Amino acid sequence: MELDYTSEIAVVEGDLRRAEIDKIIARPMEEKPGKKYLIALTISSGALLIGALCIGITLFLGVGTWGNNQPVGWAFGIVNFVFWIGIGHAGTLISAILFLLRQKWRTGIARFAEAMTIFAVMCAGLFPIIHTGRPWLAGYLTPYPNQHGLWVNFISPLVWDVFAVSTYFTISLLFWYVGLIPDFAILRDRTVSKIKKTIYSVFSLGWRHSNRHWQHYEKAYMILAGISTPLVLSVHSIVSFDFATSVLPGWHTTIFPPYFVAGAIFSGFAMVVTVMIIVRKVFDMEQIITLNHLDRMNKIMLATGMMVGYAYAMELFIAWYSGSEFEQFAFINRVFGPYAWAYWIMVSCNVFIPQLFWFRKIRRSVPIMFVIVIFVNVGMWFERFVIIVSSLHRDFLPSSWGYYTPTLIDLGILLGSFGLFFTLVLLFAKTLPVISMSEVKAVSKGAQPSHIGVHHE
Amino acid sequence: MSNNKNLYGVTALFDNADEIINAAREVAKAGYKNFDVNTPYPVHGMDRAMGLKRSMVGFVTTFLGFSGTAFILLFAFWAMSIDYPMVIGGKPFFSFPAFIPVTFETTILLGGVSTVIGLLALFASLPSNNHPLHDTDYMKAVSADKYGIVIEADDTNFDEIEVTGFLQKLGGKKIHSINKPVKENYPVLQPRFITFLIVVALLVSALTYITLNKVVYIEPFNWMTEQDKVTAQEKSVFYADAFGMRKPVEGTVAKGYLPYPYKGQLNPVETLPNPLLPTKEVLELGKKKYLAFCSPCHGTFADGDSHLRGQFPNPPTLHSQRGRDFSDGMIYHIMVNGQNIMPSYESQTTSEERWAIVHYIRALQRAKNAKLTDLEEVKKEPVVNAE
């Protein structure tokens with residue numbers, strides 16, 4: 001396929017009429033669920049149930065059912081938290097940063113990526129809460145006037161985390177909902193079912209596509225994009241502060257904030273591509289989520305993958321250059337120690353394998369890219385595992401060295417978080433427009449005035 | 001003006017973006033103020049064509065966002081430095097760099113939430129599901145792929161026939177007059193129904209209150225009060241004797257209560273040596289205890305001049321030769337056992353206090369039996385101290 005990179009690629013392939021766009025996007029909501037969909041939902045909700053069971057066991061018997069030990073006190077709970085928070089970052093990047101950069105191609109994937117952000121943050125939030133051992137006391141994390149006369153410690157990175165993640169979730173949800181309002185109005189006017197109409201009317205808030213509203217809407221959308229951009233960068237920076245502000249070799253690193261953000265975008269895009277490939281196939285949306293989209297996302301993955309590779313190299317260099325023997329030991333132990341297997345899985349999946357994206361044929365081949373993004377997902381999970389477990393398991397005193405092995409409960413909760421994520425994604429794909437109808441219409445062919453005889457602003 | 005008081009406005013549909021932007025410009029040029037354009041997505045340049053002013057949403061964001069900044073900074077300052085100051089990591093109470101993350105997040109949170117609420121409630125006056133345009137073919141068309149314009153009846157220049165003609169001239173299709181919806185009477189707002197709701201609410205609250213507080217009392221969080229341990233005076237199901245509180249091991253001696261070996265002996269053959277040295281602290285303790293327990297009968301300076309003025313037989317002076325010849329252990333022995341009509345002072349004083357009293361009595365005896373040569377010793381003292 002010949003591509004002309006000098007001009008903007010059409011977002012929508014072919015000459016779709018605007019009413020047809022509505023039809024394609026609304027089809028999953030208007031049809032009865034197919035067999036494939038029900039099988040997928042069964043698998044994901046099965047995984048969710050296993051996770052729920054494991055969480056139930058954890059709550060009943062305590063965190064002792066996990067593999068956490070001394071010295072590895074932070075293990076799967078925090079690994080999974082950081083992993084899921086990272087997944088979320090792609091959504092905001094696509095919806096906010098690419099919006100500010102006027103990248104029109106984002107419209108096809110923005111809604112889905114935003115939904116994935118919200119679901120991923122939900123999965124992430126689960127882990128620290130159950131890790132506390134008394135999740136019913138999670139309210140103590142917020143500063144509220146209480147009978148103890150105590151406030152939260154505003155100097156603690158863990159409190160920063162609470163503020164960052166809850167703000168991120170709220171803003172992502174609002175951003176997503178604001179984008180959905182015009183689509184709810186479209187669905188309201190399309191549907192013939194009375195129940196659906198009531199539901200859509202409530203959520204559309206009576207949107208009338210009025211230009212007097214569009215004017216404020218576009219402005220507000222741009223502001224939300226503008227404030228989400230520093231927000232998304234701050235969230236993973238603050239998550240990295242949980243580690244960077246400690247004095248543990250392997251964690252105490254100033255490169256952590258940018259390194260974590262790049263890694264988050266990298267893993268998030270891998271997850272978006274994974275889910276997109278499935279969705280465009282299952283719901284016949286190849287014309288709206290085109291190969292061009294996947295191609296561009298693969299390019300971003302190539303770039304962020306190399307940033308992550310640079311960070312790995314720089315960590316090793318600084319460990320040597322610092323002259324601190326504890327720092328040096330932490331990294332030699334990471335690369336050649338008991339957890340070397342995890343380190344090399346991480347490096348292969350995150351640095352070596354994505355290099356295949358240099359080839360355009362591979363970037364545009366759906367099966368190959370699917371395999372690569374799965375590797376990236378695995379690799380990025382292992383990155384967090386390596387950072388947390390390999391830094392903790394051998395600290396300053398050799399007498400307190402240990403080895404961490406997850407228990408079945410740990411693995412069950414991890415599986416459950418994937419179950420939760422994919423169940424929510426599947427339910428979303430069936431109940432809400434997975435692609436923004438109004439935005440795609442706005443960038444389809446002939447949607448904007450030609451400005452003949454008009455002074456252009 | 002139109003005769004139809006129920007008229008909301010006249011709508012017209014257009015097929016493409018060029019037509020609608022042209023129509024909007026013409027309508028604005030013709031002097032209409034209360035008109036609106038409905039398009040399935042925002043059409044570029046429409047704000048200019050309609051002659052709209054700049055959107056002010058940004059001011060809401062800025063104002064509330066920075067209010068959030070100020071609020072959380074002041075709050076963190078107040079909580080960490082005034083309400084509950086605590087030194088954490090050796091940092092100052094108001095450690096500004098460490099407050100930046102929370103301040104930033106709160107700014108974004110307030111800015112974002114206020115933008116959305118401002119947009120929907122303030123600028124778009126939503127929700128409004130009873131707008132006249134809802135459920136019309138016009139709305140269904142602009143929702144999908146048509147571009148519509150509506151000139152409202154409350155515009156000062158409005159005239160139904162004239163407007164219809166004007167829109168036709170602009171190339172509008174499917175021109176319709178839209179009436180305001182008939183005002184609905186909501187049965188849920190009838191006073192009888194509302195009274196019923198209030199009564200139900202009160203009943204449910206009262207019953208819940210009585211059930212939860214008077215009939216059964218459920219403590220919400222009871223893991224501190226309800227613990228699996230035996231508390232004082234509680235019956236034990238574990239021990240055969242059913243005592244929850246256990247006795248100490250046989251022969252256990254409490255700290256400071258070593259048993260006195262010569263207890264009950266009238267004239268002990270041997271006594272204990274004084275374990276304390278006559279330091280300043282010991283003498284002060286001895287003085288305090290002597291004045292409290294001994295001086296009522298023995299007198300302030302141990303002269304046997306009781307404060308009780310004969311209500312209780314006066315003891316002899318402690319400055320007699322016999323008294324001065326007592327060993328430290330013997331005086332201690334008398335305090336433990338009592339002598340003649342003097343009762344035991346074992347329960348009033350601790351062992352350490354008794355030995356301190358012994359030292360104090362020795363000091364009194366020495367002072368009452370001073371010799372002239374002692375004066376010379378006293379005179380020497382400054383010289384000794386100077387060395």
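Throughout, protein chains are lettered first and strands after them, A, B, ... in sequence-line order, and every chain is numbered starting at 1. All values derive from a computational prediction rather than experimental measurement.
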Student: Is a side-chain donor-acceptor pair under 3.5 Å present for B:Asn129 with A:Ser201?
Tutor: no
Student: Could you list the donor-acceptor pairs under 3.5 angstrom formed between side-chain atoms of residues 77-86 of chain B and any protein atom two or more places apart in sequence or on another chain?
Tutor:
| from | atom 1 | to | atom 2 | distance (Å) |
| --- | --- | --- | --- | --- |
| B:Ser81 | OG | B:Phe77 | O | 2.7 |
| B:Asp83 | OD2 | A:Trp151 | NE1 | 2.7 |

Student: Between A:Lys219 and B:Met56, is any pair of side-chain heavy atoms under 4.5 Å apart?
Tutor: no
Student: Does NZ or CZ of A:Arg212 lie under 6.0 Å from the centre of the six-membered ring of B:Phe35, at an angle within 45° of the ring axis?
Tutor: yes
Student: Who are the side-chain contact (heavy atoms from CB on, under 4.5 Å) partners of A:Thr198, not counting sequence neighbours?
Tutor: none
Student: State, without any angle test, whether A:Asn211 and B:Asn38 hold a side-chain donor-acceptor pair at a distance under 3.5 Å.
Tutor: no
Student: Please classify the contact between B:Lys91 and chain A as side chain, backbone, both or neither, with a heavy-atom cut-off of under 4.5 Å.
Tutor: side chain
Student: For B:Met46, does its backbone N or O pair with a side-chain atom of A:Gln215 as donor and acceptor, under 3.5 Å?
Tutor: no
Student: Using heavy-atom distances under 4.5 Å, tell me whether B:Asp135 contacts chain A through its side chain, its backbone, both, or neither.
Tutor: side chain
Student: Distance-only, no hydrogens or angles: does the A:Trp214 side chain make a donor-acceptor pair with backbone N or O of B:Thr39 under 3.5 Å?
Tutor: yes
Student: For B:Asn16, is it the side chain, the backbone, both or neither that has a heavy atom under 4.5 Å from a heavy atom of chain A?
Tutor: neither
Student: Just by distance, do the side chain of B:His134 and the backbone of A:Gly206 share a donor-acceptor pair under 3.5 Å?
Tutor: yes
Student: Using the test side-chain contact (heavy atoms from CB on, under 4.5 Å), find all partners of B:Leu109 that sit at least two apart in sequence or belong to another chain.
Tutor: A:Thr167, A:Thr170, B:Val113
Student: With a 4.5 Å cut-off on heavy-atom pairs, point out which of B:Asn130, B:Val116, B:Thr115 contacts chain A the most.
Tutor: B:Val116
Student: Is any residue of residues 183-190 of chain A within less than 4.5 Å of chain B by heavy atoms, and which ones?
Tutor: A:Ala185, A:Ile186, A:Arg188, A:Asp189
Student: Decide side chain to side chain donor-acceptor pair (under 3.5 Å) for B:Ser55 and A:His216; before the verdict, give the C-alpha distance in whole Å, the side-chain angles of both, and the deciding distance to 0.1 Å.
Tutor: CA-CA 6 Å; B:Ser55 171; A:His216 301 299; 2.8 Å; yes
Student: Which region of B:Ile72, side chain (C-beta onward) or backbone (N, CA, C, O), has a non-hydrogen atom less than 4.5 Å from a non-hydrogen atom of chain A, or is it both or neither?
Tutor: side chain
